[in-house]
Asks: 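Can you keep this structure in mind? I'll have questions shortly.
Naming: A, B, ... by sequence-line order, numbering from 1 per chain. The figures here come from the full heavy-atom set of this structure, side chains too, leaving out hydrogens, waters and symmetry mates.
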Number of protein chains: 2
Amino acid sequence: MPPLRPPVEPPNATRLPHRSAEEAAGEQTGAGGPPRTAATRDPERTRRAILDAAAAEFSANGFGGASVNAVAERAGINKRMLYHYFGNKEDLFLVVLEEAYADIRNAERALSLGNLEPVEAMRRLVLFTWRYYLEKPSFVSLLNTENLYKAAHLRRSQNIRALHSPLVDTLEELLRRGAGQGTFRSGVDPVQLYISIAGLGFFYLSNVHTLSTIFGRDLQSKQALAERGEQIVEVILGYLRPPAAPQQAAPDTAVPDTKD
Amino acid sequence: MPPLRPPVEPPNATRLPHRSAEEAAGEQTGAGGPPRTAATRDPERTRRAILDAAAAEFSANGFGGASVNAVAERAGINKRMLYHYFGNKEDLFLVVLEEAYADIRNAERALSLGNLEPVEAMRRLVLFTWRYYLEKPSFVSLLNTENLYKAAHLRRSQNIRALHSPLVDTLEELLRRGAGQGTFRSGVDPVQLYISIAGLGFFYLSNVHTLSTIFGRDLQSKQALAERGEQIVEVILGYLRPPAAPQQAAPDTAVPDTKD
DNA sequence: CAATCAAATAACCAGGTGGTTACTTAGCCG
DNA sequence: CGGCTAAGTAACCACCTGGTTATTTGATTG
């Protein structure tokens with residue numbers, strides 16, 4: 001009896017043919033004898049195919065539920081190659097995780113929040129974070145899986161911490177600027193704030209299936225998702241408004257505009 | 001080679017001896033022949049032992065990573081009994097989930113928020129939610145696992161939805177009271193708000209291992225946890241403050257609540 | 001053009017998987 | 001007390017698991 005696995009909706013197009021259409025075009029591929037081995041060797045493409053397949057498999061089934069056999073099949077490669085390139089299941093998972101983190105932090109940096117007006121910068125960061133999770137559900141799932149294992153893999157990573165300090169620095173500077181001009185309350189911890197920004201979206205998406213079920217309401221509809229994005233912005237900016245009794249208003253630009 | 005499993009810290013005391021101390025006391029247990037079968041039959045205790053063991057196993061390893069052999073071992077019962085009482089792995093998981101939900105909703109109801117002043121009631125709900133997750137990490141883990149499977153088990157549950165409507169009703173009434181007396185902004189959707197309250201704590205705890213790693217900061221210390229609790233209260237109550245320019249203050253109680 | 005080494009393959013391994021078959025035994029009820 | 005059912009046990013099953021062994025083959029390089 002096959003082990004239960006989470007549902008896979010589309011016949012997932014992640015399994016790449018080992019050869020591109022271009023390359024195969026110049027030869028008689030179909031009619032001839034059975035091509036036992038791939039005609040061309042391409043370590044880079046093989047590596048990429050394994051990583052993509054692994055990301056899909058791990059995020060779909062969790063670490064424990066994922067099967068290296070299935071990864072190899074998805075990638076269209078021999079299982080032995082997976083061990084050749086990545087050593088074992090755990091090391092493969094770590095590489096997938098590291099890539100996922102690098103991707104989001106790079107996209108974040110591209111926002112160039114330092115050049116924007118604080119409220120606008122914050123709004124963009126919040127919406128970016130929400131939309132990133134929305135567009136990359138595999139990222140959400142991978143993090144959940146890794147936390148089930150108490151970050152055992154990630155903790156072995158070398159450069160993970162350096163990857164994240166720029167984010168904290170940016171946020172810190174943003175909060176300082178906002179507080180200086182009186183549009184943000186002061187004394188906000190950037191790490192706590194980031195966890196709030198992330199959590200308001202992450203939890204919604206990560207738990208959308210149970211939440212939809214218990215509240216009897218489709219939380220994945222286009223409208224519901226758009227509403228949630230707005231909601232998160234409102235919560236964060238609403239929280240960041242300075243308290244009614246102004247702590248220390250800056251003499252010049254200190255108009256407490258609660259725009260939006 | 002044994003399959004990788006998430007770490008288990010203490011030699012988990014969840015495995016109950018099949019017989020209570022009282023019962024065993026009245027007999028010569030130790031010296032005699034090898035007691036092949038339990039001297040007493042107790043379906044209720046067996047059922048309970050299986051459920052407790054299953055909750056521990058599922059939350060520690062996820063659904064896919066959990067092993068029914070391990071559940072039986074933890075519970076100190078023969079695996080066949082597990083199938084006798086619960087049918088199969090999936091049905092067992094569903095019962096565990098239903099129990100977990102019933103527990104939190106019952107505890108919530110016991111708060112009697114209807115009798116409290118709105119701001120105080122909200123503060124208590126927020127802190128209760130945070131502390132519940134904190135004290136029952138297995139609940140957090142179970143929900144994550146169930147969402148990996150797109151709530152396939154929970155969706156088959158009959159009475160799950162009825163279990164949650166009182167929560168929404170309570171929150172709705174709370175928001176109406178608060179808006180009526182001008183301490184909360186109006187037009188807040190109770191479901192969105194609850195997801196925010198839950199998410200601010202759930203995400204922190206669910207992802208505490210990766211977050212601690214990437215930010216290089218122990219987010220599980222007593223102090224950090226206390227700070228987070230305060231933070232969540234601040235974010236929610238900060239958000240709920242009415243906007244600076246009062247929208248339309250109701251002279252009496254006739255607040256045009258745009259509920260939903 | 002032979003040597004070399006990485007890329008790739010197929011077949012295999014011990015042990016774990018969810019689930020079952022065949023059986024024994026305790027306790028209740030007529 | 002006899003019989004029946006539910007509680008309980010041990011051994012087993014086919015299949016899947018992560019990982020390996022032994023081998024072939026493509027491409028580069030001296």
Asks: Whether A:R48 and A:E99 form a salt bridge (side-chain N of Lys/Arg under 4.0 Å from carboxylate O of Asp/Glu) is what I want to check.
Replies: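 Looking at A:R48 together with A:E99, the answer is yes, because their closest N to O distance falls below 4.0 Å.
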
Asks: Both A:V68 and B:H84 contact DNA chain D. Which one's nearest nucleotide lies toward the 5' end?
Replies: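 Closest to the 5' end, via its nearest nucleotide, is B:H84.
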
Asks: Can you tell me how far C1' of D:dA7 sits from CD1 of B:I50, to the nearest Å?
Replies: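 In whole Å, D:dA7 C1' and B:I50 CD1 are 11 Å from each other.
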
Asks: Against A:F203, only a single residue in B:Y204, B:Y194, B:F202 fulfils ring pair (Phe, Tyr, Trp, His ring centres under 6.0 Å); can you say which?
Replies: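 Testing each of B:Y204, B:Y194, B:F202 against A:F203, the sole residue satisfying ring pair (Phe, Tyr, Trp, His ring centres under 6.0 Å) is B:F202.
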
Asks: Sequence neighbours excluded, which residues qualify as ring pair (Phe, Tyr, Trp, His ring centres under 6.0 Å) partners of A:F93?
Replies: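 A:F93 satisfies ring pair (Phe, Tyr, Trp, His ring centres under 6.0 Å) with A:F58, A:F63, A:H153 only.
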
Asks: Whole Å only: how far is the CG atom of A:D42 from the P atom of C:dA6?
Replies: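 So the CG-P distance, A:D42 to C:dA6, works out to 17 Å.
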
Asks: Roughly, in whole Å, what's the span from CZ in B:R45 to P in D:dA7?
Replies: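 Whole-Å distance recorded here is 14 Å.
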
Asks: Sequence neighbours excluded, which residues qualify as side-chain hydrogen bond (donor to acceptor under 3.5 Å, both in side chains) partners of A:S141?
Replies: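 In terms of side-chain hydrogen bond (donor to acceptor under 3.5 Å, both in side chains), with neighbours along the sequence ignored, A:S141 is linked to no residue.
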
Asks: Which residues satisfy the side-chain hydrogen bond (donor to acceptor under 3.5 Å, both in side chains) test with B:D169, sequence neighbours excluded?
Replies: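 None.
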
Asks: In terms of ring plane angle, is the pair A:F139 and A:Y101 parallel, tilted or perpendicular, where the classes change at 30° and 60°?
Replies: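 A:F139 vs A:Y101 ring planes: perpendicular.
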
Asks: Thinking salt bridges, do B:R156 and B:D91 make one under a 4.0 Å N-O criterion?
Replies: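 B:D91 and B:R156: salt-bridged.
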
Asks: Hey, could you give me the CD1/OG1 distance between B:I160 and A:T213, rounded to the nearest 0.5 Å?
Replies: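 Here the interatomic distance stands at 9.0 Å.
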
Asks: Rounded to whole Å, please give me the gap between CZ in B:F58 and C1' in C:dG18.
Replies: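 So the two atoms are 11 Å apart, to the nearest Å.
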
Asks: Whole Å only: how far is the OH atom of B:Y83 from the C1' atom of C:dT21?
Replies: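 After rounding, the reported distance stands at 14 Å.
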
Asks: Below 4.0 angstrom from OP1 or OP2 of D:dA6, is there any side-chain N or O of B:Y85?
Replies: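 Result: no.
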
Asks: Checking all strands, does A:N88 fall into the base, sugar-phosphate, or nothing category for heavy-atom contacts under 4.0 angstrom?
Replies: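 Counting heavy atoms under 4.0 Å across all strands, the contact made by A:N88 is with sugar-phosphate only.
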
Asks: Using whole Å, report how far CZ of A:F86 lies from P of D:dG19.
Replies: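 Whole-Å distance recorded here is 14 Å.
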
Asks: Using five base pairs at each end, measure the axis-to-axis angle across the helix from C:dC1-D:dG30 to C:dG30-D:dC1 and round it to 10 degrees.
Replies: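 If I round to tens, the end axes sit 0° apart.
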
Asks: Check the interface with nucleotides 11-13 of chain D: list each N/O to N/O pair with the protein under 3.5 Å, or write none.
Replies:
none

Asks: Among all residues two or more places apart in sequence or in another chain, which pass the side-chain hydrogen bond (donor to acceptor under 3.5 Å, both in side chains) test with A:R109?
Replies: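 Residues passing side-chain hydrogen bond (donor to acceptor under 3.5 Å, both in side chains) with A:R109: A:N106.
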
Asks: Report yes if a side-chain nitrogen or oxygen of B:T46 is closer than 4.0 Å to either non-bridging phosphate oxygen (OP1 or OP2) of D:dG8; otherwise report no.
Replies: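 Result: yes.
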
Asks: Between A:S67 and D:dG18, is there a side-chain N or O to OP1/OP2 distance below 4.0 Å?
Replies: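 Result: yes.
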
Asks: Write down the distance between CD (B:E73) and P (D:dA10), rounded to a whole number of angstrom.
Replies: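 Those two atoms, CD and P, are 13 Å apart.
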
Asks: Nearest of D:dT17, D:dT9, C:dG19 to any side-chain atom of B:K89?
Replies: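 Ranking D:dT17, D:dT9, C:dG19 by closest atom to the B:K89 side chain puts C:dG19 first.
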
Asks: Rounding to an integer number of Å, can you tell me how far A:N69 CG sits from C:dA11 P?
Replies: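 One finds 15 Å between P of C:dA11 and CG of A:N69, rounded.
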
